[in-house]
J.: 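My questions all concern the structure below.
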Amino acid sequence: MLPMDHVIALSAILFTIGVLGVATRRNLIVILMSIELMLNAVNLAFVGFNRIWSQTDGVAAIDGQIFVLMVIAVAASEVAVGLGILLAMFRNRDSVNVEEVNLLKW
Amino acid sequence: MTAETILFYVFAGLAVISALGMVLNTRNTVASALSLVVTMVSLGAIYLLLEAYLVAALQIMVYGGAIVVLFLFVVMLLNLSTDEFPPGRQRLIKSAFVIAGVAILIQILIAMGNDPLFATPPEAVPEGYGGYRQVGIQLYTDYVLLVEMASLLLLAAIVGALILAKRKID
């Protein structure tokens, strides 16, 4: 049986790597990939906790896995829209550097 | 240590190393995207070890397949110059970010080490856990509203992506 605390720890580590990627990188593509990484870390936590509470009165409980499916749907639509924004931005600015996009900056 | 545990540590190490490789690689965005594939597939393998079979299959098909291919497609479409970590004062601010993030992570790990939840290993899974039958039945009975909402979300995303990526709206 897997050590469940290490599964959740792996999820926390991956989430931290994703946050640091969003915070430190300036390339919008890598920022989107880091967001994907964070969503994946959350998915891992969902599946891990679902494995800990895997049944109610002998019947399989898989609510955590349902939530993972929903997160995958949200991630897919987020990537589609995010990459659409990225293409529009590259067309207007010739760059994917987020620091060059400051139209809304006060 | 069972074979399952050893496999878990192998895939966990692979996932962390490739995630770090994705974030730290500033020269080549294609290599970053390929590192992301390794992370996704490792996580898929860990889902298999956690007996979530349908989620593992979807992870590899949707994340490792569709989403990363979309990323690679866009990277190839654009002609990107190399990225650098920011200079000067910004570097200072972002180092503070990194230190704070790692400190919070260590805090979480220490708090988790003391949690009685993880003291006992989880019991064996019941019949049908994580299979497509169980997930499908629950998805289309208890969570049918969620499925409808997901379909609306995907429709909105398709329309949004089309409008954003269009060259000019006539």
J.: Does the A/Thr16 side chain pair with the main chain of B/Gly101, one donor and one acceptor, at a distance under 3.5 Å?
T.: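 Not a single qualifying donor-acceptor pair exists.
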
J.: Just wondering, do B/Thr29 and A/Met33 contact through their side chains at under 4.5 Å, heavy atoms?
T.: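 Result yes, sub-4.5 Å side-chain heavy-atom pair found.
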
J.: Taking atom CZ of B/Phe97 as the centre, does the number of heavy atoms from other residues, nucleotides or ligands within less than 6.0 Å exceed 12?
T.: no

J.: Is it the backbone or the side chain of B/Ala150 that comes under 4.5 Å from a heavy atom of chain A, or both, or neither?
T.: side chain

J.: Donor-acceptor pair, A/Arg91 side chain versus B/Ala165 backbone, under 3.5 Å?
T.: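 Judged by distance alone, yes, a pair lies under 3.5 Å.
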
J.: Would you mind checking which part of A/Leu44 comes under 4.5 Å of any heavy atom in chain B, side chain (CB onward), backbone (N, CA, C, O), both or neither?
T.: both

J.: Measuring heavy-atom distances to chain B, does A/Val7 have an atom under 4.5 Å in its side chain, in its backbone, in both, or in neither?
T.: both

J.: Contact part of A/Met70 toward chain B, heavy-atom cut-off under 4.5 Å: side chain, backbone, both or neither?
T.: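 Answer is side chain: those atoms of A/Met70 sit under 4.5 Å from chain B.
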
J.: Using heavy-atom distances under 4.5 Å, tell me whether B/Val135 contacts chain A through its side chain, its backbone, both, or neither.
T.: both

J.: Between A/Ile8, A/Asn40, A/Val74, A/Ile72, which residue shows the highest count of heavy-atom pairs closer than 4.5 Å to chain B?
T.: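 The answer is A/Asn40.
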
J.: For A/Ala61, does its backbone N or O pair with a side-chain atom of A/Asn50 as donor and acceptor, under 3.5 Å?
T.: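 Present.
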
J.: With a 4.5 Å cut-off on heavy-atom pairs, point out which of A/Gln65, A/Gln55, A/Met4 contacts chain B the most.
T.: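 Maximum pair count with chain B is reached by A/Gln65.
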
J.: Do the side chain of A/Arg51 and the main chain of B/Glu51 share a donor and acceptor less than 3.5 angstrom apart?
T.: no

J.: Where on A/Ile62 is there a heavy atom nearer than 4.5 Å to chain B: the side chain, the backbone, both, or neither?
T.: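 Its backbone and side chain both get close to chain B.
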
J.: When heavy-atom pairs shorter than 4.5 Å are enumerated against chain A, which of B/Ala157, B/Gly160, B/Ala66, B/Ser95 gives the highest number?
T.: B/Ala157

J.: Measure B/Phe73 against the heavy atoms of chain A and call it side chain, backbone, both or neither at under 4.5 Å.
T.: neither

J.: Which region of B/Leu43, side chain (C-beta onward) or backbone (N, CA, C, O), has a non-hydrogen atom less than 4.5 Å from a non-hydrogen atom of chain A, or is it both or neither?
T.: side chain

J.: Keeping B/Thr39 on the side-chain end and B/Ser35 on the backbone end, is there a donor-acceptor pair under 3.5 Å?
T.: yes

J.: Against chain A, label B/Met112 side chain, backbone, both or neither, depending on which of its atoms sit under 4.5 Å from a heavy atom there.
T.: side chain

J.: Quick one: of B/Asp142, B/Val62, B/Leu139, who has the most non-hydrogen atom pairs under 4.5 Å with chain A?
T.: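 Highest number of pairs under 4.5 Å: B/Leu139.
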
J.: Mind ranking B/Val74, B/Leu105, B/Val102 by heavy-atom pairs under 4.5 Å with chain A and telling me who comes out on top?
T.: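 The candidate making the most pairs under 4.5 Å is B/Leu105.
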
J.: Between A/Val81 and chain B, with a heavy-atom cut-off of 4.5 Å, which part of the residue counts as in contact: side chain, backbone, both or neither?
T.: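 Answer is both: backbone and side chain atoms of A/Val81 are under 4.5 Å from chain B.
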
J.: Crowded around B/Leu145 CG? As in, over 12 foreign heavy atoms under 6.0 Å?
T.: no

J.: Let me know if A/Ile85 has heavy atoms under 4.5 Å from chain B in its side chain, its backbone, both or neither.
T.: both

J.: Say whether A/Asn43 and B/Gln59, considering side chains only, have a donor N or O and an acceptor N or O under 3.5 Å apart.
T.: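 There is no such pair between these side chains.
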
J.: Do the side chains of B/Leu49 and A/Trp53 join up, straight or via other hydrophobic residues, at under 4.5 Å, putting them in one cluster?
T.: yes

J.: Under 4.5 Å heavy-atom distance to chain A, tell me which part of B/Val147 shows up: side chain, backbone, both or neither.
T.: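 The answer is both parts of B/Val147.
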
J.: Please look at B/Tyr143 and chain A and tell me whether the side chain, the backbone, both or neither of the residue comes under 4.5 angstrom of a heavy atom of that chain.
T.: side chain

J.: Against chain B, label A/Asp63 side chain, backbone, both or neither, depending on which of its atoms sit under 4.5 Å from a heavy atom there.
T.: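 Looking at A/Asp63, backbone and side chain both touch chain B.
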
J.: Counting only non-hydrogen atoms closer than 4.5 Å, does B/Leu109 touch chain A with its backbone (N, CA, C, O), its side chain (CB onward), both, or neither?
T.: side chain

J.: Using a cut-off of under 4.5 Å for heavy-atom pairs, which of A/Val68, A/Ile52, A/Leu83 has the most such pairs with chain B?
T.: A/Leu83

J.: Please look at B/Ala100 and chain A and tell me whether the side chain, the backbone, both or neither of the residue comes under 4.5 angstrom of a heavy atom of that chain.
T.: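 When you check distances to chain A, no heavy atom of B/Ala100 falls under 4.5 Å.
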
J.: Is the number of heavy atoms from other residues, nucleotides or ligands under 6.0 Å of B/Tyr9 OH greater than 12?
T.: yes

J.: Using non-hydrogen atoms and a 4.5 Å limit, figure out which bit of A/Phe46 sits close to chain B: side chain, backbone, both or neither.
T.: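 Neither part.
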
J.: For B/Phe71 versus A/Glu36, what's the shortest heavy-atom pair and its separation?
T.: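 Smallest heavy-atom distance, with atoms named: CE1-CG, 3.8 Å.
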
J.: Can you see which heavy atom on B/Asn28 is nearest to which on B/Asn25, and at what distance?
T.: N-OD1, 3.2 Å

J.: Below 4.5 Å, heavy-atom pairs only: which of B/Val98, B/Thr2, B/Leu154 has the largest tally toward chain A?
T.: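 Top count of heavy-atom pairs under 4.5 Å with chain A: B/Val98.
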
J.: Which atoms of B/Ile104 are under 4.5 Å from chain A, going by heavy atoms: the side chain, the backbone, both sets, or neither?
T.: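 Interface part for B/Ile104: neither.
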
J.: Ignoring hydrogens, what is the shortest heavy-atom contact between B/Met22 and A/Leu37? Give both atom names and the distance.
T.: CE-CD2, 4.3 Å

J.: Below 4.5 Å from any heavy atom of chain A, which atoms of B/Leu70 appear? Answer side chain, backbone, both or neither.
T.: both

J.: Less than 4.5 Å apart, side chain to side chain, heavy atoms only: is that true for A/Glu78 and A/Leu39?
T.: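 In contact.
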
J.: Find the one option among B/Leu20, B/Val68, B/Leu162, B/Ile46 whose heavy-atom pairs under 4.5 Å with chain A are most numerous.
T.: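 The answer is B/Leu20.
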
J.: Quick check on A/Leu86 against chain B: is it the side chain, the backbone, both or neither that has a heavy atom closer than 4.5 Å?
T.: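 Only the side chain of A/Leu86 comes within 4.5 Å of chain B.
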
J.: With only heavy atoms counted, which part of B/Met149 is less than 4.5 Å from chain A, the side chain, the backbone, both or neither?
T.: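 Neither the backbone nor the side chain of B/Met149 comes within 4.5 Å of chain A.
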
J.: Sort A/Leu69 into side chain, backbone, both or neither according to what part of it lies under 4.5 angstrom from a heavy atom of chain B.
T.: side chain

J.: Between chain B and each of A/Val22, A/Val19, A/Ile13, count heavy-atom pairs under 4.5 Å; write down the option with the most.
T.: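 Of A/Val22, A/Val19, A/Ile13, A/Ile13 has the most heavy-atom pairs under 4.5 Å with chain B.
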
J.: Tell me, side chain or backbone of A/Ser34 under 4.5 Å from chain B's heavy atoms, or both, or neither?
T.: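 Both parts, backbone and side chain.
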
J.: Output the option from A/Ala88, A/Ala73, A/Ala80, A/Gly18 having the highest count of non-hydrogen pairs under 4.5 Å with chain B.
T.: A/Ala80

J.: If we only count heavy atoms from C-beta on, is the B/Leu164 to A/Leu87 side-chain gap below 4.5 Å?
T.: no

J.: Please look at B/Ser32 and chain A and tell me whether the side chain, the backbone, both or neither of the residue comes under 4.5 angstrom of a heavy atom of that chain.
T.: both

J.: Would you mind reporting whether B/Tyr47 and B/Ser42 have side-chain heavy atoms less than 4.5 Å apart?
T.: no

J.: Using non-hydrogen atoms and a 4.5 Å limit, figure out which bit of A/Leu14 sits close to chain B: side chain, backbone, both or neither.
T.: side chain

J.: Please report the closest heavy-atom contact between A/Leu2 and B/Glu4, naming both atoms and the distance.
T.: CD2-O, 3.7 Å

J.: Out of A/Gly64, A/Gly82, A/Gly84, A/Ala60, return the one with the most heavy atom pairs under 4.5 angstrom to chain B.
T.: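 Winner by heavy-atom pair count: A/Ala60.
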
